[in-house]
Number of protein chains: 2
Amino acid sequence: MKQSSNVPAFLSKLWTLVEETHTNEFITWSQNGQSFLVLDEQRFAKEILPKYFKHNNMASFVRQLNMYGFRKVVHIDSGIVKQERDGPVEFQHPYFKQGQDDLLENIKRKVSSSKPEENKIRQEDLTKIISSAQKVQIKQETIESRLSELKSMRGKRPNSLWCQSTQSRILKEGIVKRCRKIKTKKRVLILAFDVLESRFQ
Amino acid sequence: MKQSSNVPAFLSKLWTLVEETHTNEFITWSQNGQSFLVLDEQRFAKEILPKYFKHNNMASFVRQLNMYGFRKVVHIDSGIVKQERDGPVEFQHPYFKQGQDDLLENIKRKVSSSKPEENKIRQEDLTKIISSAQKVQIKQETIESRLSELKSMRGKRPNSLWCQSTQSRILKEGIVKRCRKIKTKKRVLILAFDVLESRFQ
DNA sequence: GGGAATATTCCC
DNA sequence: GGGAATATTCCC
């Protein structure tokens with residue numbers, strides 16, 4: 001099953017199938033050559049498909065068509081959708097047109113599930129994040145130790161500003177309390193980073 | 001092609017193939033029943049394989065064996081590897097043994113290995129995390145410089161603004177405000193981690 | 001022996 | 001119509 005260019009096997013087989021006159025009873029170009037028709041779905045699946053593919057299921061054939069971006073052409077009569085059981089099925093693709101086999105190479109198979117909004121994280125980026133978190137942690141420890149220092153000064157120098165008034169003490173306690181809370185948050189953060197990091201090992 | 005349990009089609013077909021007496025000329029259990037042999041690779045591929053699979057290639061059969069963790073049994077004679085053109089090929093798997101079809105369900109197909117250094121993450125999430133970390137870092141630096149300022153003020157001016165209620169309040173409010181902002185940023189960051197973590201479940 | 005693309009199946 | 005698992009092909 002050779003292909004002239006790098007067109008996937010499915011597409012060149014499909015092209016042959018639609019072109020071939022001896023299969024026109026089951027699959028052929030539509031009137032204007034802008035789409036193709038499957039005329040007898042049952043017999044097409046059981047008699048024609050296995051001669052070109054490794055199966056005889058219409059569903060698998062349609063799955064491939066969808067993988068390559070073909071769309072079923074919906075027929076509407078008087079505003080209601082046709083639902084004939086054995087009616088012809090029509091498929092269309094902007095690059096699958098009669099007499100223009102040169103367009104085939106523009107048809108691209110859809111790639112597996114990697115969603116467009118998902119990207120792979122580079123180790124470099126992850127290192128940056130972790131490094132950033134570590135720096136925050138170190139800074140925070142410095143602040144804590146400075147606070148601690150201020151606290152001890154109060155003990156040594158009873159007349160210093162820190163203990164001169166009730167208000168000062170309240171103020172200081174408020175700051176210490178908030179810093180403690182921040183520290184807790186930070187621990188959670190660092191922990192989360194550790195978890196994250198371990199997942200990337 | 002029904003399967004009794006949830007054993008993949010390939011494994012149940014392989015089991016049948018090895019068990020069936022009418023294919024023993026081409027594929028059968030080894031003497032001790034711990035492995036199986038393919039006796040005439042050429043004819044086996046062209047005559048037997050297409051009756052069970054959608055191809056007639058030994059390479060595709062072996063690819064599947066490898067996907068399920070089977071290993072070729074190497075035959076050594078007098079220290080040199082046998083390289084007979086038409087000699088029997090032997091394959092083995094710890095859970096593929098004569099008379100023990102109950103072990104089959106332990107054989108697992110290999111999944112496409114996502115490289116350890118690469119993981120999927122939404123670019124949007126990554127941006128949020130980095131942005132949040134940077135903001136936390138900047139806010140922290142502000143706090144740190146504020147503390148530094150306080151420390152130097154205290155030494156130079158014992159009776160300074162710290163002892164004066166109005167200005168103390170203003171100062172305190174500023175600090176409290178900054179602390180609150182940092183906590184908020186941190187919450188966002190922790191939330192981002194939760195989102196990220198949930199993607200790894 | 002296995003990575004990766006395409007093909008087929010199964011299922012929502 | 002398409003996600004995802006398995007199967008087949010192609011290639012290193």
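Below, chains carry the letters A, B, ... as their sequence lines are ordered, and counting in each starts from 1. Everything quoted here is computed from the prediction, not taken from an experiment. These values consider heavy atoms only, across backbone and side chains, with no hydrogens, waters or symmetry-generated copies.
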What residues form a ring pair (Phe, Tyr, Trp, His ring centres under 6.0 Å) with B:Phe53, not counting sequence neighbours? B:Phe10, B:His55
Test side chain to side chain contact (heavy atoms under 4.5 Å, CB included) applied to B:Gln34 - qualifying residues, sequence neighbours left out: B:Asn32, B:Lys97
With heavy-atom distances below 4.5 Å as the criterion, would you say the side chains of A:Lys46 and A:Asn57 are in contact? yes
Who passes salt bridge (charged side-chain N to carboxylate O under 4.0 Å, His left out) against A:Glu19, sequence neighbours left out? none
Nearest heavy-atom contact between B:Asn56 and B:Pro50 is CB-CD, 3.9 Å
Which whole-number value in Å describes the distance from A:Met58 CE to C:dT8 P? 14 Å
Validation row: B:Lys72, B:Val89 side chains within 4.5 angstrom (heavy atoms): yes
Phosphate oxygens OP1/OP2 of D:dT9: is one of them under 4.0 Å from a side-chain N or O of B:Asn57? yes
Do A:Trp15 and A:Asp101 come within less than 4.5 Å of each other through their side chains, counting heavy atoms only? yes
Which residues share a side chain to side chain contact (heavy atoms under 4.5 Å, CB included) with B:Glu47, sequence neighbours left out: B:Phe26, B:Arg43
Side-chain atoms of A:Arg71 come closest, of D:dT8, C:dG1, D:dG1, to D:dG1
Distances under 3.5 Å between protein N/O atoms and the N/O atoms of nucleotides 5-7 of chain D, please, pair by pair.
| residue | atom | partner | partner atom | Å |
| --- | --- | --- | --- | --- |
| D:dA7 | OP1 | B:Phe10 | N | 2.9 |
| D:dA7 | OP2 | B:Gln64 | NE2 | 3.1 |
| D:dA7 | OP2 | B:Tyr68 | OH | 2.5 |
| D:dA7 | OP2 | B:Arg109 | NE | 3.4 |
| D:dA7 | O5' | B:Gln64 | NE2 | 3.2 |
| D:dA7 | N7 | B:Arg109 | NH2 | 3.2 |

Listed partners of A:Ile107 passing side chain to side chain contact (heavy atoms under 4.5 Å, CB included), at least two apart: A:Leu11, A:Tyr68, A:Phe70, A:His93, A:Tyr95, A:Phe96, A:Leu104
How would you list, by chain and number, every residue that makes a side chain to side chain contact (heavy atoms under 4.5 Å, CB included) with A:Thr23, sequence neighbours excluded? A:Leu17, A:Glu20, A:Ile27, A:Ile48, A:Tyr52
Polar-atom pairs under 3.5 Å, protein N or O versus N or O of nucleotides 10-12 of chain D: list them with distances, or write none.
none

Whole angstrom value for the distance that separates P of D:dT8 from CG of B:Leu65: 12 Å
More than 12 non-hydrogen atoms from neighbouring residues, nucleotides or ligands closer than 6.0 Å to CD on B:Gln31, yes or no? no
Once you round it to whole Å, what is the distance between P of C:dT9 and CZ of A:Phe61? 14 Å
Tell me which residues in residues 89-97 of chain A lie within less than 4.0 Å of DNA chain D, going by non-hydrogen atoms. none
Return the set of residues passing side chain to side chain donor-acceptor pair (under 3.5 Å) with A:Arg109 (not counting sequence neighbours), or none when no residue passes. A:Gln64
When the distance from NZ of B:Lys13 to C1' of C:dT9 is rounded to whole Å, what number comes out? 11 Å
Taking five pairs at each end, how big is the angle between the two axes of the helix from C:dG1-D:dC12 to C:dC12-D:dG1, to 10°? 10°
Using side chain to side chain donor-acceptor pair (under 3.5 Å) as the criterion, list what pairs up with B:Arg63, not counting sequence neighbours. none
